[in-house]
Amino acid sequence: MRAAGVEPIVRSESLGVVGLVEVLAHIPRIYGEFRKLVKAARTEKPDFAVLTDSPDFHLRLAKKLKQMGIPVFYLIAPQVWAWREGRVGGMRRTLKHLFCIFPFEERFFQERGVPATYLGHPLASTIRPTLTRPEFLAKNGIPADRPLIALLPGSRPGEIGRHIGPLAEAVEILQRTQTVTFVVGTPPEFSKIIESSSFWERFQGLSIKVIEGQTWDLLAHADLALAASGTVTMEAALLGTPTVTFYRVTPLTWALGRRLVRVPFLSMVNLIAERALVPELIQGDMTGENLAREATRLLSDGDARDEQKAGLARVRERLTPPVDPIERAAELIDGMIGVVASQEDWSECQG
């Protein structure tokens with residue numbers, strides 16, 4: 001975005017906190033970033049705003065922008081269909097238009113009075129490996145004569161810290177019965193965020209390789225992924241990689257949050273498939289034993305692998321739009337801003 005001419009005011013990484021309880025310690029810093037953006041909007045007086053994801057932060061910002069008379073477009077719909085549906089009223093009052101990346105969202109929001117358009121998933125037309133399997137294996141010193149299991153514990157230090165223990169236990173169990181290679185995938189430059197070598201101590205003791213910034217190649221060439229629920233599970237689905245997904249939060253967050261969630265699955269892949277396509281191991285179900293059992297089933301049962309891969313292909317088909325979603329969003333915004341300007345000019349003439 002900087003290369004395209006965006007002047008950054010706040011880095012999105014500073015807002016990356018997950019959980020009801022976990023966010024509490026970060027509230028002063030996040031609120032400081034919020035005020036910084038509000039001040040910039042008052043000073044710069046933008047013609048319109050495009051807010052992307054991060055609903056806890058951006059829906060509050062949208063309200064402030066609306067009060068300043070700035071039209072607000074929102075890209076990637078907040079998952080109010082799963083929990084906190086009370087937010088819909090505020091969205092109806094503050095958003096000029098909402099752009100959805102999942103097929104069932106458009107109808108949900110339109111029925112509740114929020115102008116919405118389904119674009120398709122941006123990753124569906126862009127995600128692809130950059131290397132062939134032999135090139136990827138050779139680059140990272142990974143043996144080619146055994147199955148490759150990708151471990152994707154998350155992108156934030158907190159969530160990775162909660163997932164390392166069960167994942168390491170699963171690896172220990174699998175190493176007793178399977179001849180496989182395990183590789184952990186992390187975001188680019190993750191090692192600069194985690195300076196302590198002890199963070200990966202359990203993985204290092206199990207001879208697990210950690211690679212950064214190669215997630216798409218890792219997923220594309222893995223025989224199986226054990227992946228934290230989130231964007232990476234969508235990436236695995238779009239690449240057709242058999243997957244077991246998992247997630248843990250703090251016990252208090254789980255106790256509070258489980259009462260609010262109203263969907264049958266926590267994995268977006270399963271919600272789109274409308275069935276338990278990908279095994280979900282959430283909170284107490286995320287144990288090393290359960291992870292190892294599901295991994296063994298998908299590695300050894302060809303029919304189960306083929307069934308999941310066929311389901312993943314259908315998920316990708318549902319998410320693949322006829323035109324690029326971001327180009328479509330830009331076209332729609334351009335047209336709507338023209339309409340807004342014309343309406344304002346007409347109102348001034350009438351006045």
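Counting from 1, the numbers follow the sequence of the chain as shown. It should be emphasised that the depicted structure is a prediction, and the values quoted were computed from it without experimental measurement. Excluded from the calculations below are hydrogen atoms, water molecules and symmetry mates; all remaining heavy atoms, backbone and side chain alike, are included.
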Rounded to the nearest 0.5 Å, what separation is found between the CD atom of Q79 and the CZ atom of R84? 12.0 Å
side-chain contact (heavy atoms from CB on, under 4.5 Å) evaluation trace for V183 with N140: CA-CA 10 Å; V183 174; N140 293 286; over 6 Å; no
From T233 atom OG1 to L226 atom CG, the distance as rounded to the nearest 0.5 Å: 12.5 Å
Do T241 side-chain atoms and L219 backbone N/O form a donor-acceptor pair below 3.5 Å? yes
Correct closest heavy-atom pair for A116 and H97 would be C-NE2, 3.6 Å
Can you check whether T245's main-chain N or O pairs, donor with acceptor, with T243's side chain at less than 3.5 Å? no
On a heavy-atom basis, the closest approach of V232 and A227 is CG1-CB, 3.9 Å
Taking only Lys NZ, Arg NE, NH1 and NH2, and the carboxylate oxygens of Asp or Glu, determine whether R162 and E159 approach each other closer than 4.0 Å. no
4.5 Å side-chain heavy-atom contact, L123 and I101: no
Can you confirm whether E172 is buried at CD, in the sense that more than 12 heavy atoms of other residues, nucleotides or ligands lie under 6.0 Å from that atom? yes
Could you report the tightest heavy-atom contact between L167 and M286, atom names first, then the distance? CG-CE, 4.4 Å
Quick check: do M268 and F102 have side-chain heavy atoms less than 4.5 Å from each other? yes
Kindly say whether D56 contributes a backbone atom to a donor-acceptor pair with the side chain of R60 at under 3.5 angstrom? yes
With the side chain counted from C-beta on, respond yes when Q214 and K139 share a heavy-atom pair under 4.5 Å apart, and no when they do not. yes
May I ask you to decide if the ring planes of F136 and H221 are parallel, tilted or perpendicular, using 30° and 60° as cut-offs? tilted
Can you classify the ring geometry of Y31 versus F34 as parallel (below 30°), tilted (30 to 60°) or perpendicular (above 60°)? parallel
Side-chain (R316) to main-chain (A124) donor-acceptor, under 3.5 angstrom: yes
Test item: Q175 side-chain N/O and L206 main-chain N/O as donor-acceptor pair under 3.5 Å: yes
Heavy-atom side-chain contact between L271 and W81 under 4.5 Å: yes
In terms of side-chain geometry, is the basic nitrogen of E317 or R314 positioned less than 4.0 Å from the acidic oxygen of its partner? no
Under 6.0 Å from the CZ atom of R328, do we count more than 12 heavy atoms belonging to anything else shown? no
Crowded around D47 CG? As in, over 12 foreign heavy atoms under 6.0 Å? no
How many angstroms lie between atom CG of D217 and atom CG of L131, to the nearest 0.5 angstrom? 4.5 Å
Do M234 and I272 have side chains that approach each other closer than 4.5 Å (heavy atoms only, starting at C-beta)? yes
Any chance you could measure E44, atom CD, to L37, atom CG, to the nearest 0.5 Å? 11.5 Å
Please check: side-chain N/O of R305 versus main-chain N/O of D301, any donor-acceptor pairing under 3.5 Å? no
Quick check on the hydrophobic clustering: are M336 and V323 connected, directly or via other members, by side-chain heavy-atom contacts under 4.5 Å? no
Quick one: are V72 and T94 in side-chain contact, heavy atoms under 4.5 Å? no
Can V184 and I208 be said to form a side-chain contact (heavy atoms from CB on, under 4.5 Å), step by step? CA-CA 7 Å; V184 175; I208 301 174; 3.6 Å; yes
Would you say the side chain of L61 lies within less than 4.5 Å of the side chain of V38, judging by non-hydrogen atoms? yes
Verify, without hydrogens or angle tests, whether Y74 (side chain) and D53 (backbone) share a donor-acceptor contact under 3.5 angstrom. yes
According to a 4.5 Å side-chain heavy-atom criterion applied to Ile, Leu, Val, Met, Phe, Trp and Tyr, with indirect links allowed, do I173 and F182 form part of one hydrophobic cluster? no
Which pair of non-hydrogen atoms, one from P55 and one from R87, has the smallest distance, and what is that distance? CB-NH1, 3.5 Å
Looking at E111, I want to see if its CD is surrounded by more than 12 non-hydrogen atoms of other residues, nucleotides or ligands under 6.0 Å. yes
Please determine whether the number of non-hydrogen atoms from other residues, nucleotides or ligands lying under 6.0 Å from atom CZ of R93 exceeds 12. no
Donor-acceptor pair, side chain of R146 and main chain of A144, under 3.5 angstrom: no
Hey, what do you get for NE2 (H58) to CD1 (I76), rounding to the nearest 0.5 Å? 10.5 Å
Supply the atom-to-atom distance L95 CG to L65 CG, rounded to the nearest 0.5 angstrom. 10.5 Å
Check whether E105 reaches the backbone of Y118 with its side chain - one donor and one acceptor, N or O, closer than 3.5 Å. no
For the backbone of A276 and the side chain of N270, can you confirm whether one donor and one acceptor N or O come within less than 3.5 Å of each other? no
Can you name the one residue among L218, L224, V180 that meets side chain to side chain contact (heavy atoms under 4.5 Å, CB included) with L148? L218
Trace of the side-chain contact (heavy atoms from CB on, under 4.5 Å) decision for E280 with Y247: CA-CA 8 Å; E280 293 183 6; Y247 209 83; over 6 Å; no
So which atom in G154 and which in I160 form the shortest heavy-atom distance, rounded to 0.1 Å? O-CD1, 3.3 Å
Could you tell me whether the side chain of P166 reaches within less than 4.5 Å of the side chain of N290, counting heavy atoms only? no
Shortest non-hydrogen contact from A41 toward I70: CB-CD1, 4.3 Å
Six-ring centre of F104, R107 cation under 6.0 angstrom, axis tolerance 45°: no
Mind running side-chain contact (heavy atoms from CB on, under 4.5 Å) on L332 and F73 for me, showing each step along the way? CA-CA 10 Å; L332 289 169; F73 298 91; over 6 Å; no
